[in-house]
Amino acid sequence: MAINQEQLDDQFMKQALELAKDAAKHGNEPFGSVLVKKDKVVLTGENQIHTESDPTYHAELGIIRDFCTSQNITDLSEYTLYTSCEPCCMCAGAMVWSNLGRMVYSLGHDELAEIAGFNIMISSEEIFSKSPNRPEVIKGVLKEAAVPVYVNYFQK
């Protein structure tokens with residue numbers, strides 16, 4: 001039996017949410033990402049801003065940087081990036097410059113703001129709408145499963 005795209009999105013988002021939980025266990029904020037090509041995971045990553053003392057080491061930017069460097073490529077048009085939360089403007093910019101083909105996220109930044117009490121005020125959609133490279137965006141995948149990950153971290 002073939003797995004459809006919605007099932008694959010759920011499967012990879014579950015993995016991104018587990019990585020987000022791992023990031024929190026490791027002393028970082030709870031954000032995780034999974035990079036996929038042709039339905040195969042090529043790299044996973046988690047937020048490491050505290051453990052690496054690098055404020056730019058968000059899960060999405062880290063995975064793009066690490067994968068492109070290790071593979072000596074700059075074009076991710078054949079890849080999908082699954083991320084536990086809508087990316088910030090910095091990470092969305094990295095997606096633009098790497099020509100990411102598709103991005104799937106769970107919790108939106110407005111929803112995160114309600115939980116965490118802050119908002120960066122620029123959505124990834126706004127970044128993409130003004131950019132030459134625009135990934136396909138799928139939002140809200142397993143959002144109900146993401147809420148407790150962020151509530152448990154930001155409202156403890």
Side-chain angles (χ1 to χ4, degrees), residues 8-37 40-71 73-74 76 79-128 131 133-156:
L8 286 170
D9 288 348
D10 286 354
Q11 173 187 325
F12 294 127
M13 187 56 68
K14 284 178 187 170
Q15 192 172 358
L17 290 169
E18 286 303 313
L19 288 161
K21 292 175 193 175
D22 289 346
K25 289 176 190 169
H26 298 138
N28 296 294
E29 293 178 353
F31 300 98
S33 292
V34 177
L35 188 62
V36 173
K37 182 178 182 182
K40 302 283 186 229
V41 174
V42 297
L43 192 63
T44 62
E46 62 186 55
N47 180 303
Q48 296 184 46
I49 60 173
H50 299 303
T51 53
E52 293 296 321
S53 299
D54 179 353
T56 69
Y57 210 123
H58 293 194
E60 303 92 340
L61 181 58
I63 205 170
I64 290 169
R65 181 187 309 139
D66 293 348
F67 185 75
C68 288
T69 299
S70 71
Q71 300 302 305
I73 62 172
T74 58
L76 298 178
Y79 296 80
T80 298
L81 183 61
Y82 292 85
T83 182
S84 58
C85 192
E86 182 177 2
C88 71
C89 54
M90 175 183 69
C91 293
M95 292 174 193
V96 167
W97 298 120
S98 65
N99 197 30
L100 183 68
R102 187 169 179 264
M103 187 261 294
V104 180
Y105 69 84
S106 187
L107 197 67
H109 78 86
D110 288 337
E111 295 152 327
L112 178 63
E114 289 177 27
I115 294 168
F118 61 86
N119 190 336
I120 200 161
M121 309 269 221
I122 301 171
S123 71
S124 58
E125 289 183 41
E126 185 175 349
I127 300 294
F128 297 150
S131 301
N133 304 319
R134 298 177 185 152
E136 174 189 356
V137 176
I138 308 299
K139 52 188 167 182
V141 173
L142 299 183
K143 181 170 52 173
E144 297 77 21
V147 169
V149 173
Y150 295 101
V151 167
N152 290 338
Y153 182 83
F154 288 106
Q155 296 182 1
K156 38 179 164 171

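Judged by distance alone, the side chains of Asn133 and Ser131 never bring a donor and an acceptor atom under 3.5 Å apart. Side chains of Tyr150 and Ser84: a donor-acceptor N/O pair is present below 3.5 angstrom, by distance only. For the residue pair Asp66 / Tyr57, a side-chain donor-acceptor distance below 3.5 Å is found, with atom types taken as modelled.
Side-chain contact check for Val42 versus Phe67: some heavy-atom pair is nearer than 4.5 Å. Thr74 has its side chain out of reach of Cys68: every pair of non-hydrogen atoms, C-beta onward, lies at least 4.5 Å apart. Side chains of Cys88 and His109 form no contact here, defined as non-hydrogen atoms less than 4.5 Å apart. Phe31 is not listed as a side-chain neighbour of Thr83, based on a closest heavy-atom distance of 4.5 Å or more. At least one side-chain heavy atom of Val41 sits less than 4.5 Å from a side-chain heavy atom of Val36. Put simply, the side chain of Ser123 reaches to within 4.5 Å of the side chain of Glu86, judged on heavy atoms. In this structure the side chain of Asp54 never reaches within 4.5 angstrom of the side chain of Gln48, judged on heavy atoms. The shortest distance between side-chain heavy atoms of Tyr82 and Arg102 falls below 4.5 Å.
Across Ser106 and Val141, no two heavy atoms sit closer than the pair OG-O, 2.8 Å. The shortest heavy-atom contact between Glu126 and Ile122 is OE1-CG2, 4.0 Å. Closest approach of Cys91 and Leu61 over heavy atoms only: SG-N, 3.7 Å.
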Discussion item. For a side chain to side chain contact (heavy atoms under 4.5 Å, CB included) check, start with the C-alpha distance between Gln15 and Glu18, then their side-chain angles and the critical distance, and finish with the verdict.
Written reply: CA-CA 5 Å; Gln15 192 172 358; Glu18 286 303 313; 5.7 Å; no
Fill in: Full working for side chain to side chain contact (heavy atoms under 4.5 Å, CB included) between Leu107 and Ile115
CA-CA 11 Å; Leu107 197 67; Ile115 294 168; 4.0 Å; yes
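Residues meeting the ring pair (Phe, Tyr, Trp, His ring centres under 6.0 Å) test with Phe128, sequence neighbours left out: none.
To the nearest 0.5 Å, atom CG of residue Leu43 and atom CD1 of residue Ile63 are 4.5 Å apart. Put simply, CD1 on Ile49 and OG1 on Thr56 are 9.5 Å apart, with the number rounded to the nearest 0.5 Å. Taken to the nearest 0.5 Å, the NZ atom of Lys143 stands 13.0 Å off from the CG atom of Leu17. In this structure, CG in Leu100 is found 10.0 Å from CD in Glu136, a value given to the nearest 0.5 Å. The line from OG of Ser70 to CZ of Arg65 is 13.0 Å long, rounded to the nearest 0.5 Å. A distance of 8.5 Å separates CG of Asn47 from CD of Glu60, quoted to the nearest 0.5 Å.
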